[in-house]
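Note sheet for the following structure.
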Amino acid sequence: MPRVAIVGGSIGGLTAALVLRDLGCDVNVYERSTAELEARGAGIVLHPVTVRYFEERRHLDAARVSVSLPWLRFLDRDGSVAHEERTNYRFSSWNTLYRNLLACFDHNRYHLGHEMIDVEQDDRRARLRFANGATTSADLVVCADGVSSRSRAILQPHVAPRYAGYVAWRGTIPESELSPPTLRRLGDAITYHLTAEGHILIYPIPGPSGELTPGRRTQGFVWYHNYADGDELHDLLTDRTGRRRDSSVPPGRMQDPHVAWARRYAAATFPPAIAEVVTRTVDPFVQVVLDVAVRGMAFGRVCLIGDAAILVRPHAGAGTAKACSDAWALGDALHEAGGDPQTALAAWAPRQLAVGHALMERARWMGDGSQFRHDWTPGDPRLRFGLYQAGDSVFDTP
């Protein structure tokens, strides 16, 4: 089996590393961060493929790394229930999944402080060059370096992100800091509220150390709000030090006037329980909603997976699942090709490109419906989370 270099050590990169290692490949991961990764405010809708490695290779049930939510609920402005239905969703946190995946991999092969700046290849090998001066070569390079992918810029320089017309305000708060009535309203559901300008959803996720007990978990929110592409967006993305950010402003860096506006808006617009989550969150932050899609995922011995290839809007709850699907499908293709990288990638890329493009179109339809058409109907099955189709994020019903 080939020598493999993984560029990017997040969830998609780690899943690829583990799947290919277990196939017999000689795998090393190169992560640009100088410290182990951490994300704040990142709730993840679990799909079977997201936790497939845990369940098949480590015999770790999904219930050990996620919160089960038996209800999907829409609230009216006064806090009354506009719609609810039984669900079988599970929510986890980015940190919980990352820590558990990293624990399965050899730390000596997980190289921090390696920012890839160039990739070249010939008929025999691919070569990587890093900002720290290091170089390496491999038979197969898997680029999982995320939204701002350097790999994508090298391999498909014509591809540029397209602003969707709105941003996601995000944040988290410990359940211990919320009032009992709010916990009773939000603790057993993924909870939506539709506004005249978009929507917000609230969800419980594991606590900072993976806590799953109600009251010790974390509540997260994602609130989608339209911003004109111009001075308004430019000011929102300028942090409190005056630095202009490209696509997100991290926690603790938002300008105070924007945070104050968000809290006023929440108090005046959202149902009481949802407003409490937003107004009590200490460091809310924003991420620009973008569309990015490459025309190809395989380039000789090099491939793009996850957000590095196709960045989908969050509404289908399947961005992480797509990255994991890319990784598992790559393992299958490499096995079927007898370990030959180029043969494997030629078979793998068209299938995964089709999966990514279909998901992107569905998530775009969902987002435009919320933000611009304003035609979301609570209970519409087309709005359910799913990777391959709406509603396929299936676990045993709670």
Side-chain angles (χ1 to χ4, degrees), residues 8-19 29 31 33 35-70 87-105 107 110 112 144 146 170-178 183 186-190 201-222 250-251 277 281 283 285 287 306-307 314 317-325 327-328 385 387 393-396 398:
S10 187
I11 291 173
L14 274 172
T15 300
L18 290 165
V19 169
V29 176
E31 167 54 46
S33 173
E36 290 184 7
L37 305 179
E38 183 176 2
R40 296 178 63 184
I44 291 177
V45 182
L46 286 195
H47 297 248
V49 71
T50 318
V51 288
R52 180 179 171 185
Y53 192 84
F54 299 141
E55 297 198 319
E56 289 189 6
R57 307 289 171 85
R58 286 295 183 267
H59 306 291
L60 177 65
D61 190 271
R64 299 280 300 276
V65 294
S66 63
V67 175
S68 176
L69 300 179
T87 69
N88 54 358
Y89 292 135
R90 287 188 174 275
F91 263 70
S92 190
S93 68
W94 189 95
N95 289 340
T96 297
L97 294 182
Y98 170 76
R99 283 196 302 264
N100 278 278
L101 286 169
L102 186 60
C104 297
F105 194 67
H107 278 237
Y110 188 87
L112 296 169
R170 291 181 177 268
T172 60
I173 184 171
E175 287 187 334
S176 60
E177 296 181 13
L178 296 172
L183 280 180
L186 303 178
D188 63 347
I190 173 172
L201 61 151
I202 307 285
Y203 45 81
I205 59 176
S209 298
E211 298 90 343
L212 300 176
T213 304
R216 299 183 62 196
R217 306 172 306 186
T218 296
Q219 289 281 339
F221 73 86
V222 186
V277 171
T281 295
D283 286 320
F285 60 101
Q287 295 174 332
D307 289 348
T320 301
K322 179 176 66 67
C324 294
S325 171
W328 280 98
F385 300 133
L387 172 57
S393 54
V394 174
F395 290 89
D396 291 337

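Every heavy atom of this structure was used, including side-chain atoms; hydrogens, water molecules and symmetry mates were not. In this chain, numbering begins with 1 at the start of the sequence shown.
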Query - Sub-4.5 Å side-chain heavy-atom contact between Leu186 and Tyr203 - result: no
Practice prompt. Would you mind reporting whether Leu102 and His107 have side-chain heavy atoms less than 4.5 Å apart?
Written response: yes
Would a distance-only check, ignoring hydrogens and angles, find a side-chain to backbone donor-acceptor pair under 3.5 Å from Thr50 to Leu46?
no
Any donor-acceptor pair under 3.5 Å from Ser93 side chain to Pro208 backbone:
no
(message) So Phe221 and Thr281, do their side chains get closer than 4.5 Å, heavy atoms only?
(response) yes
| Are any side-chain N or O atoms of Thr15 and backbone N or O atoms of Ile11, one a donor and one an acceptor, separated by less than 3.5 Å? | yes
Here the gap from Thr218 atom OG1 to Glu177 atom CD, rounded to the nearest 0.5 Å, amounts to 9.5 Å
Item checked: Gln287 side chain reached by Pro250 side chain, heavy atoms, under 4.5 Å -> no
Take Leu178 and Gln219 through the side chain to side chain contact (heavy atoms under 4.5 Å, CB included) test and state the conclusion after the steps. CA-CA 9 Å; Leu178 296 172; Gln219 289 281 339; 3.7 Å; yes
* To do: Evaluate side chain to side chain contact (heavy atoms under 4.5 Å, CB included) for Phe54 paired with Arg64, printing each intermediate quantity in order.
  => CA-CA 10 Å; Phe54 299 141; Arg64 299 280 300 276; over 6 Å; no
query = Considering only heavy atoms from C-beta outward, does the side chain of Phe91 approach that of Ile44 to under 4.5 Å?
reply = no
Nearest heavy-atom approach of Leu18 to Cys104 is CD2-O, 3.5 Å
Heavy-atom nearest pair, Ala17 first then Val29, reads CB-CG2, 3.6 Å
Looking only at heavy atoms, the pair that brings Gly210 and Arg99 closest together is N-NH2, 3.6 Å
Report yes if the side chains of Leu37 and Trp94 come closer than 4.5 Å at any heavy-atom pair, otherwise no.
yes
Handout entry: Derivation of the side chain to side chain contact (heavy atoms under 4.5 Å, CB included) call for Leu14 and Leu97
Key = CA-CA 10 Å; Leu14 274 172; Leu97 294 182; over 6 Å; no
Exercise. For Glu31 and Ser33, indicate whether the former's side chain and the latter's backbone hold a donor-acceptor pair under 3.5 Å.
Key: yes
Verify, without hydrogens or angle tests, whether His47 (side chain) and Phe385 (backbone) share a donor-acceptor contact under 3.5 angstrom. no
- Item | Heavy-atom donor-acceptor pair, Tyr110 side chain to Gly9 backbone, under 3.5 Å | yes
For Arg90 and Ala63, the nearest pair of non-hydrogen atoms, with its separation, is NH1-CA, 3.5 Å
- Query: Do the charged groups of Glu175 and Arg217 touch, with an N to O distance under 4.0 Å?
  - Reply: yes
How about Ser325 and Leu387: do any of their side-chain heavy atoms sit closer than 4.5 Å? yes
| message | Looking at Arg52, I want to see if its CZ is surrounded by more than 12 non-hydrogen atoms of other residues, nucleotides or ligands under 6.0 Å. | response | yes
When every non-hydrogen atom of Ser66 is compared with those of Pro206, the smallest separation belongs to CA-CG, 4.3 Å
Practice task
Start with the C-alpha gap between Glu55 and Leu60, add the side-chain angles, then the distance that decides, and say whether side chain to side chain contact (heavy atoms under 4.5 Å, CB included) holds.
Solution key: CA-CA 5 Å; Glu55 297 198 319; Leu60 177 65; over 6 Å; no
All heavy atoms of Gly12 vs all of Ala323, minimum pair found to be CA-CB, 3.9 Å
Heavy-atom check, side chain of Ser68 versus side chain of Tyr89, under 4.5 Å: no
Heavy-atom count check: over 12 atoms from other residues, nucleotides or ligands less than 6.0 Å from Arg57 CZ? yes
